[in-house]
Amino acid sequence: MSLRDRLEKLQAQRGLQPAAPVAPPQPGVAERLARLTRTHARPTEREVAQALGGEVVSDGLILIERVFPLTFVHGNATLEEVLQAPLHLLD
């Protein structure tokens, strides 16, 4: 007799409703990773670059360009403040 069966029997003796069935445990991380590596082929650099909106510029290197307006806030400052910086800081 399993633990579940014994608990249900005790609950029935006390007049309690049996507990709702418990969902089976989810697979662990290692098991899920193993399943993923079995079912999915490793993407090529070109596929990764395309998914990220970039381009392969060298072996193992993907260039992703992003453009932000000067009004974009980074921390406590806007990017527009770069225009007021001394030019030697921009070198």
Closest approach of L70 to L83 (non-hydrogen atoms, all atoms of both residues):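 In terms of heavy atoms, the two residues are closest at CD1-CD1, 3.7 Å.
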Shortest non-hydrogen contact between H74 and L79, atoms and distance: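 Result for this residue pair: CB-CD2, 4.4 Å.
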D5 backbone acceptor or donor facing S2 side chain under 3.5 Å: yes
Checking the side chain of E47 only, and the main-chain atoms of T44 only, is there a donor and an acceptor separated by less than 3.5 Å? yes
Can you check whether I64 reaches R66 side chain to side chain, under 4.5 Å on heavy atoms? yes
Are any of the side-chain heavy atoms of E55 and V57 separated by less than 4.5 Å? yes
Any chance you could measure [X], atom [atom1], to [Y], atom [atom2], to the nearest 0.5 Å?
| X | Y | atom1 | atom2 | value |
| --- | --- | --- | --- | --- |
| M1 | L7 | CE | CG | 10.5 Å |
| Q84 | T78 | CD | OG1 | 7.5 Å |
| R6 | L3 | CZ | CG | 5.5 Å |

Verdict with reasoning, V48 to E45, per side chain to side chain contact (heavy atoms under 4.5 Å, CB included): CA-CA 5 Å; V48 171; E45 288 180 350; 5.7 Å; no
Does E65, at its CD atom, have more than 12 non-hydrogen atoms belonging to other residues, nucleotides or ligands within less than 6.0 Å? no
Same cluster (ILVMFWY, side-chain, under 4.5 Å), L52 and V56: yes
